[in-house]
Asker: 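Take a look at the following structure, please.
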Amino acid sequence: MDKIIVTPSRLHQFAYCPRQVFFDHYIKVPRPLKQRIRMWIGKLLHFFHHLFRVGYIKEELLKVEVDEIDGVVLVGKPDSYKIDGDTIVLEEFKSTKMPRRVNRWGLMVWESDMVQALAYAYMLQKIHGCRDVHVILRYINGIATLRYNEQMKAILLQYIEEYKKMVEYKLFPETTRNNRCNKCIYKELCDKADPSNGWVIE
C-alpha cells in the first residue's frame with residue numbers, strides 16, 4: 001500500500017475545516033486575489049521573523065513515519081527550532097491574531113495552529129530522541145506556549161487518524177458550520193455536496 005503523505009500545513013487546514021482538504025483533493029479552485037495577497041504578506045512577515053531567530057534552525061525539511069499509525073508519513077518544515085540541552089524549543093510564527101478565548105483544550109491558541117505545531121513537535125522528538133519539546137506560537141498580538149506531552153500527542157494522532165480515514169475510505173467529512181463558512185471559496189460546493197456520494201461530488 002502506498003504511503004499517505006501528510007504535511008503539518010494540511011493538518012492545520014484539516015483542523016480548521018476538513019472539507020477544505022477534501023475539496024482540495026478533488027477540485028483545484030483558484031484562490032481569490034485577497035487570499036493570495038494575504039499569503040504573500042504572511043511569507044514576508046515570516047522572512048522578517050527569521051532574521052531575529054539567531055541560533056535557530058529555520059525551515060529545515062523533516063520527514064518521519066508515524067509509528068502509531070500504519071502507512072502515514074509526516075513531511076514538513078517547521079518555522080524555527082533550537083536544541084537546548086535535553087529540550088527542543090520549537091517556534092511557529094503566525095501572521096494572525098491569537099484567539100480571544102481558550103480552545104476546547106484550555107489553551108489560548110487556534111486549534112488548527114496547535115495541531116500543526118504538534119505535528120512538528122512529533123517529528124522533532126522522533127528525530128532527535130526523547131527530549132522535552134517546548135512549543136512557542138508567536139502571533140502578531142501575543143505569544144502562547146504549550147508543552148508537547150502524551151495528551152497533546154494523543155490529540156495529534158486522533159487528527160492524523162481521521163485524515164487517513166478520509167483519504168483511504170473517501171469519506172466526506174462532517175464539520176460544524178459557522179459564520180466563517182460564508183467567506184469560504186468552497187461554500188457553494190459544500191452546500192450542494194451530498195455525503196452519500198462518497199468521494200465523488202456531482
Side-chain angles (χ1 to χ4, degrees), residues 6-18 20-21 31-32 34-62 74 76-125 128 131-160 163 175-185:
V6 183
T7 66
S9 295
R10 278 290 191 181
L11 286 175
H12 179 282
Q13 185 184 21
F14 188 76
Y16 181 79
C17 176
Q20 284 191 359
V21 180
R31 302 290 177 181
K34 184 177 180 180
Q35 189 172 357
R36 281 182 282 154
I37 291 174
R38 182 178 174 182
M39 290 175 64
W40 293 333
I41 293 174
K43 289 181 179 180
L44 183 62
L45 291 174
H46 272 77
F47 171 78
F48 286 113
H49 171 260
H50 288 337
L51 292 179
F52 297 97
R53 303 272 74 78
V54 178
Y56 282 75
I57 299 169
K58 305 158 194 171
E59 301 285 350
E60 179 186 34
L61 180 62
L62 306 177
L74 281 173
K77 298 179 180 180
D79 282 346
S80 57
Y81 76 92
K82 66 179 179 179
I83 299 174
D84 184 8
D86 198 43
T87 299
I88 296 172
V89 179
L90 166 66
E91 281 200 10
E92 284 293 301
F93 176 74
K94 298 298 174 184
S95 55
T96 56
K97 292 183 178 181
M98 63 196 310
R100 296 179 180 178
R101 59 181 64 91
V102 297
N103 62 24
R104 58 177 167 155
W105 312 107
L107 298 168
M108 192 68 75
V109 296
W110 297 110
E111 188 164 342
S112 53
D113 295 339
M114 182 185 81
V115 172
Q116 181 182 27
L118 293 178
Y120 288 129
Y122 178 95
M123 298 167 81
L124 289 168
Q125 189 177 67
H128 294 286
R131 299 174 183 269
D132 181 33
V133 184
H134 181 60
V135 180
I136 301 172
L137 286 164
R138 291 187 177 273
Y139 292 93
I140 60 175
N141 65 332
I143 298 173
T145 63
L146 61 93
R147 290 283 182 181
Y148 180 69
N149 53 29
E150 288 302 313
Q151 180 193 19
M152 295 291 105
K153 181 178 179 180
I155 294 169
L156 170 66
L157 293 176
Q158 181 179 353
Y159 269 101
I160 295 175
Y163 189 103
T175 189
T176 302
R177 307 300 294 273
N178 52 44
N179 291 335
R180 68 188 179 191
C181 296
N182 296 327
K183 299 179 181 180
C184 180
I185 61 175

Asker: Could you go step by step and tell me if Glu92 and Asp113 meet the side-chain contact (heavy atoms from CB on, under 4.5 Å) rule?
Answerer: CA-CA 9 Å; Glu92 284 293 301; Asp113 295 339; over 6 Å; no
Asker: Any chance you could lay out the side-chain contact (heavy atoms from CB on, under 4.5 Å) test for Lys94 and Trp110, step after step, and finish with the verdict?
Answerer: CA-CA 10 Å; Lys94 298 298 174 184; Trp110 297 110; over 6 Å; no
Asker: What residue among Ile140, Asn141, Leu137 forms side-chain contact (heavy atoms from CB on, under 4.5 Å) with Met98?
Answerer: Asn141
Asker: Can you list everything that forms a ring-ring contact (aromatic ring centres under 6.0 Å, His included) with Tyr163? Sequence neighbours excluded, please.
Answerer: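 So Tyr163 forms a ring-ring contact (aromatic ring centres under 6.0 Å, His included) with Phe14.
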Asker: Nearest 0.5 angstrom please: Tyr81 OH to Leu124 CG, how far?
Answerer: 5.5 Å
Asker: Give me the atom names and distance for the closest heavy-atom approach of Tyr120 to Lys77.
Answerer: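 Minimum heavy-atom contact is OH-O, 3.1 Å.
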Asker: What's the separation between atom CD1 in Ile88 and atom NE2 in His134, rounded to the nearest 0.5 Å?
Answerer: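 Ile88 CD1 to His134 NE2: 12.5 Å, rounded to 0.5 Å.
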Asker: Please determine whether side-chain contact (heavy atoms from CB on, under 4.5 Å) holds for the pair Ile83 and Ile57, giving the CA-CA distance in whole Å, both sets of side-chain angles, and the decisive distance to 0.1 Å.
Answerer: CA-CA 9 Å; Ile83 299 174; Ile57 299 169; 5.7 Å; no
Asker: Kindly compute the distance separating CG (Asp79) from CD1 (Ile136), expressed to the nearest 0.5 Å.
Answerer: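 CD1 of Ile136 is found 12.0 Å from CG of Asp79.
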Asker: Out of curiosity, Met108 CE to Arg100 CZ, how far, rounded to the nearest 0.5 Å?
Answerer: 11.5 Å
Asker: Where is the tightest heavy-atom contact between Arg131 and Gln125, given as atom of each residue plus distance?
Answerer: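 The pair with the smallest heavy-atom distance is O-NE2, 2.9 Å.
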Asker: Do Leu11 and Gln116 have side chains that get closer than 4.5 Å, going by heavy atoms?
Answerer: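 No - every pair of side-chain heavy atoms lies 4.5 Å or more apart.
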Asker: So Leu107 and Val102, do their side chains get closer than 4.5 Å, heavy atoms only?
Answerer: no
Asker: Find the distance between CE (Met123) and CG (Leu90) and round it off to the nearest 0.5 Å.
Answerer: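 Taking CE in Met123 and CG in Leu90, the distance rounds to 11.0 Å.
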Asker: Look only at the side chain of Arg180 and the backbone of Tyr16, and say whether a donor-acceptor pair between them is shorter than 3.5 Å.
Answerer: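 Yes.
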Asker: Is there a donor-acceptor contact under 3.5 Å from the side chain of Tyr148 to the main chain of Leu118?
Answerer: no
Asker: Could you tell me whether the side chain of Asn103 and the main chain of Val109 form a donor-acceptor pair under 3.5 Å?
Answerer: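 Judged by distance alone, yes, a pair lies under 3.5 Å.
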Asker: Around atom CD of Glu59, are there more than 12 heavy atoms from other residues, nucleotides or ligands closer than 6.0 Å?
Answerer: yes
Asker: List for me each residue that meets side-chain hydrogen bond (donor to acceptor under 3.5 Å, both in side chains) alongside Arg104, sequence neighbours excluded, and say none if there are none.
Answerer: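 Only Glu111, Tyr159 meet the side-chain hydrogen bond (donor to acceptor under 3.5 Å, both in side chains) criterion with Arg104.
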Asker: Test of understanding: with salt bridge (charged side-chain N to carboxylate O under 4.0 Å, His left out), list the residues that count as partners of Glu91, not counting sequence neighbours.
Answerer: Arg53, Arg138
Asker: Roughly how far apart are Lys58 NZ and Ser80 OG, rounded to 0.5 Å?
Answerer: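 Between Lys58 NZ and Ser80 OG, I get 7.5 Å after rounding to 0.5 Å.
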Asker: Check Leu74 against Ala119 and note the closest heavy-atom contact, atom names and distance.
Answerer: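 Minimum heavy-atom contact is CD1-O, 4.1 Å.
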Asker: What's the shortest heavy-atom distance between Gly76 and Pro8, and which atoms?
Answerer: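 Residues Gly76 and Pro8, closest heavy atoms: CA-CD, 4.0 Å.
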Asker: Evaluate Lys97 against Tyr139 for side-chain contact (heavy atoms from CB on, under 4.5 Å), listing each step before the verdict.
Answerer: CA-CA 5 Å; Lys97 292 183 178 181; Tyr139 292 93; 5.8 Å; no
